[in-house]
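We count ligands from 1, going down the list as the structure has it; atoms in each ligand are counted the same way. This chain uses plain numbering: 1 for the first residue, then up along the sequence. The analysis underlying the following values was restricted to heavy atoms, covering all of them including side chains, and did not include hydrogens, waters or symmetry mates.
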Amino acid sequence: MLYLWIKAFHIIAVIAWMAGMLYLPRLFVYHCAAEKGSVQSETFKIMERRLLRAIINPAMIAAIVLGLWLGWMGPDSRSGWFASGWLQAKIVLVLALSAVHGMFVLWVKAFAADRNRHSKKFYRIINEIPTILMIGIVLLAVLKPF
Ligand code: HEM
């Protein structure tokens, strides 16, 4: 029963993390079009900072902590789910998603200092990476193919 409660909150945290990871690069695309120092640009800075601090960062921590907890509670009494190939592959993809998260933090800081060096097109392409990783992670978690 505890396991199912943790899983429910794991999924809730994952949804919040992904919502932010899919929305933040859209804000970067619009931010590129705003003149430096304009009211619009300053508003985007606030939106980006708040989205990162209030949603994306805490949701990432919750998703990973609850995921590891589920991992330890898995079917094997010694290694939980960790001996399973699907979870090992999933952790690799989660590390990649966390690296993208780290890049987002750097870009929020660059925009905040008016030092963005990337184009709209760059952020449009980057926007697809969390989507692709999320699809892989969910398929591994649900189908457990190996
Ligand atoms: C280090 C991070 C993570 C670990 C260790 C982890 C581990 C786990 C474990 C052990 C389960 C339970 C599987 C079961 O009971 O069948 C689970 C469920 C799930 N995880 Fe994660 N997870 C992590 C991050 C994520 C992320 C980032 C996502 C999505 C982007 C995600 C999506 C899911 C989903 C959708 C389920 C439900 C699967 C089902 O009940 O069929 N997890 N996770």
Side-chain angles (χ1 to χ4, degrees), residues 1-34 40-113 115-146:
M1 190 61 190
L2 174 66
Y3 186 84
L4 293 180
W5 276 96
I6 299 169
K7 186 146 81 171
F9 282 100
H10 176 62
I11 293 169
I12 292 165
V14 157
I15 290 171
W17 186 17
M18 291 315 304
M21 292 293 285
L22 299 177
Y23 187 47
L24 191 56
R26 289 308 310 167
L27 286 179
F28 292 155
V29 171
Y30 300 134
H31 199 158
C32 283
Q40 264 178 332
S41 171
E42 296 306 307
T43 308
F44 281 128
K45 287 181 191 178
I46 296 169
M47 290 169 77
E48 288 156 2
R49 196 181 62 227
R50 290 200 181 146
L51 184 62
L52 193 64
R53 290 198 186 157
I55 296 176
I56 305 183
N57 287 344
M60 175 188 82
I61 294 166
I64 291 179
V65 169
L66 296 172
L68 291 172
W69 194 354
L70 287 172
W72 281 310
M73 290 177 81
D76 188 300
S77 57
R78 274 160 137 216
S79 56
W81 281 114
F82 288 105
S84 311
W86 70 269
L87 184 56
Q88 293 165 2
K90 181 179 167 181
I91 288 172
V92 171
L93 296 188
V94 173
L95 287 175
L97 191 64
S98 306
V100 176
H101 182 134
M103 298 305 294
F104 284 4
V105 173
L106 294 180
W107 293 329
V108 166
K109 284 185 182 160
F111 271 115
R115 280 206 299 266
N116 168 50
R117 290 184 295 113
H118 301 293
S119 65
K120 266 198 245 182
K121 196 172 168 205
F122 173 81
Y123 290 117
R124 278 216 184 93
I125 295 166
I126 288 294
N127 206 357
E128 306 305 327
I129 298 176
T131 313
I132 293 164
L133 290 172
M134 178 191 66
I135 293 169
I137 292 169
V138 171
L139 291 180
L140 284 167
V142 176
L143 301 177
K144 301 184 180 52
F146 42 83

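Residue pairs satisfying the salt bridge (Lys or Arg N to Asp or Glu O under 4.0 Å) criterion with at least one member in residues 41-64, sequence neighbours excluded, are listed as follows: Glu42-Lys45, Lys45-Asp114.
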Ring pair (Phe, Tyr, Trp, His ring centres under 6.0 Å) evaluation trace for Phe122 with Trp107: CA-CA 12 Å; Phe122 173 81; Trp107 293 329; 5.4 Å; yes
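Between Ala141 and Lys90 the shortest heavy-atom distance is CB-NZ, 3.7 Å. The two residues His31 and Ser41 come nearest to each other via the heavy atoms NE2-OG, 3.1 Å. Between Gly71 and Phe82, the shortest heavy-atom distance links the atoms C-CE1, 3.4 Å. In terms of heavy-atom proximity, Asn127 sits nearest to Pro25 at OD1-CG, 3.4 Å.
Using bins of under 30°, 30° to 60° and over 60° for the plane-to-plane angle, the ring pair Tyr123/Phe111 lands in the tilted bin. Classified by interplanar angle (parallel below 30°, tilted 30° to 60°, perpendicular above 60°), the ring pair Trp81/Trp86 is perpendicular.
The distance criterion of under 3.5 Å between nitrogen or oxygen atoms is met by Lys7 with respect to ligand 1. Of the N or O atoms in Trp17, none lie within a sub-3.5 Å distance of an N or O in ligand 1.
For Trp69, no heavy-atom contact with ligand 1 is shorter than 4.0 Å. Contacts of Leu87 with ligand 1, taken as heavy-atom pairs under 4.0 Å, involve the side chain alone.
Near Tyr3, with a cut-off below 4.0 Å to any heavy atom, the atoms of ligand 1 are 12 (C), 13 (C), 14 (C), 15 (O). Of all atoms in ligand 1, listed by their number and element, those nearer than 4.0 Å to a heavy atom of Leu68 are 5 (C).
In this structure, Gly71 has a heavy atom closer than 4.0 Å to ligand 1. Close to ligand 1: Lys144, with a non-hydrogen atom less than 4.0 angstrom away. The shell of residues lying under 4.0 angstrom from ligand 1, judged by heavy atoms, excludes Trp72.
The 12-atom threshold is exceeded at CD of Gln88, counting heavy atoms of other residues, nucleotides or ligands nearer than 6.0 Å. Residue Lys109 qualifies as open at atom NZ: its count of foreign heavy atoms under 6.0 Å is 12 or below.
Listed by chain and residue number, the protein N/O/S atoms under 2.8 Å of atom 21 (Fe) of ligand 1 are His10 NE2, Lys90 NZ, with waters left out.
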